[in-house]
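Following: one structure in structure tokens, then a few remarks.
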2 protein chains.
Amino acid sequence: MLSFAEENYLKTIYHLSEGTSNPVSTNAIADTLNTRAASVTDMIKKLSNKGVVTYQKYRGVRVSEEGQKAALQVIRKHRLWEVFLVQKLKFNWDEVHDVAEQLEHIKSPLLIRRLDEFLGYPKYDPHGDPIPDESGEFKAKPQVALSDCKIGHDGVVVAVKDASAAFLQYVDKIGAYIGAKIRVIDRLEFDGSLEILIDNKKTVFISKEVSENIWIEE
Amino acid sequence: MLSFAEENYLKTIYHLSEGTSNPVSTNAIADTLNTRAASVTDMIKKLSNKGVVTYQKYRGVRVSEEGQKAALQVIRKHRLWEVFLVQKLKFNWDEVHDVAEQLEHIKSPLLIRRLDEFLGYPKYDPHGDPIPDESGEFKAKPQVALSDCKIGHDGVVVAVKDASAAFLQYVDKIGAYIGAKIRVIDRLEFDGSLEILIDNKKTVFISKEVSENIWIEE
DNA sequence: TGTGTTTTTTAGGCTTGTCTAAAACACATG
DNA sequence: CATGTGTTTTAGACAAGCCTAAAAAACACA
Ligand SMILES: [Mn+2]
Ligand SMILES: [Mn+2]
Ligand SMILES: [Mn+2]
Ligand SMILES: [Mn+2]
């Protein structure tokens, strides 16, 4: 059984591993969790002893098969609770993440199975991220970041990749909700910022950073 | 802000104070929480420093005004989650307590307000216990334990006072649900056990201990 | 009121999860 | 390939929450 802290570290390592085959660095974990490198090293040793990560001194850390399973169950819980909060309790999508960070650690297999059923077995959370099933399977929608789109390319928003309230409120404000249609009008080579057309209605300028966090269908 | 452990101690002290004006003893707390007296003394000092209990060495502990407020909010959360689990997620009443013990520590005023709304502002939890409102107000149904009823007395079950799965399953089995009509047929002076008639249908013999935990309207 | 028993507190220790400071290591660069 | 810089680990410390064993206080009752 993993503690809250262990689950948080494992989930972070899993997320930092996504999309690369490289091991995750101590500093990257410390930055994400707002802890110090020394604390991370301590925790990595514990996780390694429990068999959920593999680790070579100075060489970074990887999630093991078993660790991946555990991480995906925490992610499953996080995202199911987010769906619950938005769909049943009328939370805005920028209000759910911090509460889900707490709820994801509740230990009760029955609870999460019944919650899933109650919600109608949702496949995606309010931010477009896929929800793993009980055995850890999930399928992300094919997607590409606006920052990687050519000028003229268009598509429908399927996911946003930053969970901060500030970012989500901004996305709300410009109207780039999930389901909104976006066309890339122009890119400023100077700073990578974009001019985009939203729902064929209004034109907005967004920074490179914002464009890296809004993803449209591929 | 109280930690999980602090909330659990405070809630326990509050419950042990109910119905008496005496201070709560160190041993009583240790027994309830399955910890040792020494651990209780340590924690009482912390709670006392935070102002949620008043404490005199060797004289026991009392919940302060502020502590009572905090305890009632934890109890409110516990009972609202129990209602959610039974009404929305189809848990049996004997399955909810342990999960609610975890959920009661989630910190989010918005969550609990919305949950209350979602559930239709319930006044009682699945075991008949009253749910405090946001300001800590609640009203228990006038009630009396079967063990305190005279022979011939009857009434409707309004609460059960033991949260253990074993007890609740037994209550299920004999059919003494909340709402069931009970008549006290006879009492065996030897061991205080009772013969009761349930819903005018069947007669059951229950131990004194059971009769102390089933309460009917007064 | 003295004495034995029970309750409570103190003393000291352990684990988890965190920190700072210092040492060890890896790696880019010249 | 030596060296300097940044990264990672180690060493040592601390708070929270628990424990056991021993001391102190309260209580019961002869
Ligand atoms: Mn989230
Ligand atoms: Mn999400
Ligand atoms: Mn309960
Ligand atoms: Mn209850």
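Keep in mind it's a predicted model, so treat the numbers as computed, not measured. A note on names: the letters A, B, ... follow the listed sequences, proteins ahead of strands, and every chain is numbered from 1.
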Margin query: Please tell me if A:S3 has a side-chain N or O lying less than 4.0 Å from either OP1 or OP2 of C:dT16.
Written below: no
Check: When all nucleic acid strands are considered with a 4.0 Å heavy-atom cut-off, which category describes B:F4: base, sugar-phosphate, or nothing?
Finding: nothing
Note to self: Can you tell me if A:K57 touches the phosphate of C:dA26, counting only side-chain N or O atoms and a distance under 4.0 Å to OP1 or OP2?
What the structure shows: no
Check: What is the distance, rounded to the nearest whole Å, between atom CZ of B:R59 and atom P of C:dT6?
Finding: 19 Å
Checklist line | Protein-nucleotide distance (B:E6, atom CD; D:dA15, atom P), rounded to Å | finding: 15 Å
Margin query: Taking only side-chain N and O atoms of A:Y9, does any of them lie within less than 4.0 angstrom of OP1 or OP2 on C:dT18?
Written below: yes
Next item on the list: Give a yes/no on whether any side-chain N or O of B:S25 is located under 4.0 angstrom from OP1 or OP2 of C:dT7.
Entry: no
Item checked: Whole-Å gap separating P (C:dA23) and OH (A:Y58) -> 13 Å
Note to self: Quick check: closest heavy atoms across A:D94 and A:D172, and the distance to 0.1 Å?
What the structure shows: OD1-OD2, 4.5 Å
Item checked: Phosphate OP1/OP2 of C:dT16: any A:K46 side-chain N/O under 4.0 Å -> no
Checklist line | Whole-Å gap separating P (C:dT9) and CD (B:Q56) | finding: 11 Å
Next item on the list: Would you sort out whether B:Y9 and B:Y14 count as a ring pair (Phe, Tyr, Trp, His ring centres under 6.0 Å), showing the intermediate values?
Entry: CA-CA 9 Å; B:Y9 274 94; B:Y14 174 86; over 10 Å; no
Item checked: side-chain N/O B:N27 vs C:dT8 OP1/OP2, d < 4.0 Å -> yes
Checklist line | DNA chain C contacts among residues 28-43 of chain A, heavy-atom distance under 4.0 Å | finding: A:N34, A:T35, A:R36, A:A38, A:S39, A:D42, A:M43
Item checked: Parallel, tilted or perpendicular, as decided by the 30° and 60° cut-offs, for the rings of B:F118 and B:F84 -> tilted
Checklist line | d(CE, B:M1; C1', D:dA15) in whole Å | finding: 18 Å
Notebook entry, point to check: Over how many whole Å does the gap from A:L47 atom CG to D:dT9 atom C1' extend?
Noted result: 16 Å
Next item on the list: Quickly work out the A:N8 CG to C:dG17 C1' distance and round it to whole Å.
Entry: 12 Å
Note to self: Using whole Å, what does the distance between atom P of nucleotide D:dA16 and atom CD of B:E7 come to?
What the structure shows: 16 Å
Checklist line | Short side-chain donor-acceptor distance under 3.5 Å, A:T20 and A:N22 | finding: no
Note to self: Name the residue from A:E18, A:E6, A:E101 that meets the salt bridge (charged side-chain N to carboxylate O under 4.0 Å, His left out) definition with A:K11.
What the structure shows: A:E101
Check: Does a sphere of radius 6.0 Å around NZ in B:K107 hold more than 12 heavy atoms from other residues, nucleotides or ligands, not counting ones at 6.0 Å or beyond?
Finding: yes
Check: Do B:K141 and B:E217 sit within salt-bridge range, that is, some charged N less than 4.0 Å from a carboxylate O?
Finding: no
